[in-house]
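Heavy-atom basis, side chains included; hydrogens, waters and symmetry copies ignored. Bear in mind that the values here come from a model prediction, so they are computed numbers and not experimental data.
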Amino acid sequence: KSRGEEGVVDKGRTKVGGISKWRGHKIWLNEFGCWFIPTFHPSYAMRTYRGGSNYVTDIIIKDLELAGFLANSKLPVIPKLKIHYLKKDVEINRMLKVMWDSGVYAFDIETGGTGNSDERWILGASFSCSETEGFFVDWENLKSDTVYKKFLKLVNSPDKLKVMHNGAYELRIFNFHNIPFNNKHFDTMLAAHLLDENFEKKLKSLAWTETFYGGYDVLLEKYKQEHKIKVDYSKIDRKLLARYGAMDAITTFILYKKQIKALKKQKLYPLFHNIVMPVRRVMSDVEYTGFKVDVARAQEIKEASTKAINTLEAKIYEATDSEFNINSTKQLSEVLFKVMQLKPYKKTKTGYSVDSETLGHLKVMYPDIDVLHYLSDRAYAVSYTHLTLPTN
């Protein structure tokens, strides 16, 4: 299906959207034991045929060629997964040693509560250093006397690489709760963006295109829907949450193994390792500790912007020979496209667009019309009046 939002479940089925992003990806459907290749509908190719261009048709043909190749290839052997929900100290310590010995492991947490990071609490953590085996441990068990020190040693060792998907979230949670947690990690979400900036970055979306286990979240999403749970995972059946968490860790580890090869093949690994991840770690620290602001200077900018807006609005009224609500899309649209009879750039559900992209386009099309420059400068100045300044 090309409509719907990812993560929304209808009768236990995950809906995903954005056919232009999903097309061309090979997706394994365990339910039917076959490959699925999303592509455009042929009628779309007919509607978008312009001036002899076969661009969309060529894309469909390329997708069909991929489908043909897979149809003539052997079906993959799907590895059997091992999911462990550990509760005994001896089992947890044994698992932590496996992670330590591996040197690289995927890590993920599940949290309860709603709101900001400081309003949430940790329910449990997931681990994996294998593409077929994952572990989930309740937080209360990780904090037991015989386990907690070994856990902290693992997650704070600079020699053991944590792999996380959107690791900034884990870092915020641990920081807000004053839990020691080394921020050295490999972020599969950032690697995914570097490798393909046009595709979804959500872990569940990447599970469809990069693993054989797409849709592992459906049972959890169905449970949330049936029990009217939106955010607070503490209300989810713990066994179901344990399976879901372990699958998060396995999926993250699979992504890591693939992404390392892809980054090196495309010669992007130095960029990722030397710039992207160090900057991400610095930004994570900034998100927690904040940064200093010159309040007096910011206030000066805000006041200067307000004066500039008043001056520009006077020039706009003079240039259009009328006074109207510039913040009203409808009124501004009428002035530009009915009174001044400029050619509209794009249309929305409620009328012609007057957003920043449209104003930029009109400035290029009509460089001698001063009011367009005034409107553009005003929009820029308005952004500075939205500053929310601290009182101390």
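- Using a distance-only test at 3.5 Å, with no hydrogens or angles considered, a donor-acceptor pair links the side chain of K162 to the main chain of N182.
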Salt bridge (charged side-chain N to carboxylate O under 4.0 Å, His left out) between E221 and K224, worked out = CA-CA 5 Å; E221 292 293 342; K224 287 168 60 180; 3.5 Å; yes

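- Residue H177 qualifies as enclosed at atom NE2: its count of foreign heavy atoms under 6.0 Å is above 12.
- A donor-acceptor contact shorter than 3.5 Å links the side chain of R281 to the backbone of H185.
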Mind running salt bridge (charged side-chain N to carboxylate O under 4.0 Å, His left out) on K143 and E140 for me, showing each step along the way?
-> CA-CA 5 Å; K143 293 204 70 175; E140 59 185 29; over 6 Å; no

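- Proximity of I122 to I179: side-chain heavy atoms (C-beta onward) are separated by under 4.5 Å at one or more points.
- Inter-residue side-chain proximity for L123 and R238 is flagged as met; some heavy-atom pair is nearer than 4.5 Å.
- Remark: the backbone N or O of L195 is not paired with any side-chain donor or acceptor of Q266 at under 3.5 angstrom.
- Around atom CZ of F69, no more than 12 heavy atoms belonging to other residues, nucleotides or ligands sit under 6.0 Å away.
- No side-chain donor-acceptor contact under 3.5 Å links Y352 to the backbone of Y345.
- Ring orientation note: the planes of W22 and H25 are nearly perpendicular, at an angle over 60° on the 30°/60° scale.
- Using a cutoff of 4.0 Å between basic side-chain nitrogens and carboxylate oxygens, K204 and D248 are scored as salt-bridged.
- At a threshold of 4.5 Å between non-hydrogen side-chain atoms, the residues R243 and K239 do not count as touching.
- Using cut-offs of 30° and 60° on the angle between ring planes, the pair F151 and F107 is tilted.
- Between G134 and A246, the shortest heavy-atom distance links the atoms C-CB, 3.9 Å.
- T311 is linked by a side-chain contact (heavy atoms from CB on, under 4.5 Å) to K315, counting only residues two or more places apart in sequence or in another chain.
- Partner L96 forms a side chain to side chain contact (heavy atoms under 4.5 Å, CB included) with one of V147, L86, V137 and no other, that one being V147.
- Remark: the backbone N or O of D108 is not paired with any side-chain donor or acceptor of Y169 at under 3.5 angstrom.
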Check against side chain to side chain donor-acceptor pair (under 3.5 Å), D355 and T358 = CA-CA 5 Å; D355 61 12; T358 297; 2.8 Å; yes

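- Between the side chain of D187 and the backbone N or O of N166, at least one donor-acceptor pair lies under 3.5 Å.
- Checking side-chain atoms of K258 against main-chain N and O of E210 turns up a donor-acceptor pair under 3.5 Å.
- A donor-acceptor pair under 3.5 Å is formed between the side chain of K160 and the backbone N or O of W100.
- In summary, the side chains of D159 and S157 do not present any donor paired with an acceptor at a separation below 3.5 Å, with no hydrogens or angles considered.
- Checked for salt-bridge contact, E287 and R280 meet the test: a charged N lies under 4.0 Å from a carboxylate O.
- Note on E91 versus R94: no salt bridge recorded, every NZ/NE/NH1/NH2 to OD/OE distance being 4.0 Å or above.
- With a 6.0 Å radius and a threshold of 12 heavy atoms from other residues, nucleotides or ligands, Y148 has its OH atom above the threshold.
- No donor-acceptor pair under 3.5 Å is formed between the side chain of S333 and the backbone N or O of K330.
- I83 is not listed as a side-chain neighbour of F136, based on a closest heavy-atom distance of 4.5 Å or more.
- With a 4.5 Å cut-off on side-chain heavy atoms, E334 and V339 do not count as touching.
- Residues A192 and L206 approach most closely at CB-CD1, 3.8 Å, considering heavy atoms.
- Ring geometry for Y244 versus Y216: interplanar angle of 30 to 60°, hence tilted.
- A donor atom on one side chain and an acceptor atom on the other are not found under 3.5 Å apart for Y269 and N274.
- Following chains of ILVMFWY side-chain contacts shorter than 4.5 Å, one can reach I109 starting from L154, so the two form part of one hydrophobic cluster.
- In this pair, F186 and F272 present their aromatic rings tilted. The plane angle is within the 30 to 60° band.
- The ring of Y213 has its center no closer than 6.0 angstrom to the ring center of W208.
- Dense packing is recorded around NZ of K346, with more than 12 heavy atoms of other residues, nucleotides or ligands lying under 6.0 Å away.
- Shown here for G214 and T211, the closest heavy-atom pair between the two residues is N-OG1, 3.9 Å.
- For E131, there are no salt bridge (charged side-chain N to carboxylate O under 4.0 Å, His left out) partners at least two apart in sequence or on another chain.
- Heavy-atom neighbours of D321 CG from other residues, nucleotides or ligands within 6.0 Å: at or below the threshold of 12.
- When all heavy atoms are compared, the tightest approach of M99 to F127 is SD-CB, 3.9 Å.
- Between the side chain of S128 and the backbone N or O of E133, at least one donor-acceptor pair lies under 3.5 Å.
- For the pair K97 and D101, the salt-bridge criterion is met [side-chain N within less than 4.0 Å of a carboxylate O].
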Dump the intermediate steps for side chain to side chain donor-acceptor pair (under 3.5 Å) on S130 and T132, then the final yes or no.
-> CA-CA 5 Å; S130 163; T132 59; 3.2 Å; yes

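- With a 4.5 Å cut-off on side-chain heavy atoms, L372 and L342 count as touching.
- Taking the side chain as every heavy atom from C-beta outward, T252 and M164 never approach each other to under 4.5 Å.
- Environment of NZ in K235: sparse, with no more than 12 heavy atoms of neighbouring residues, nucleotides or ligands closer than 6.0 Å.
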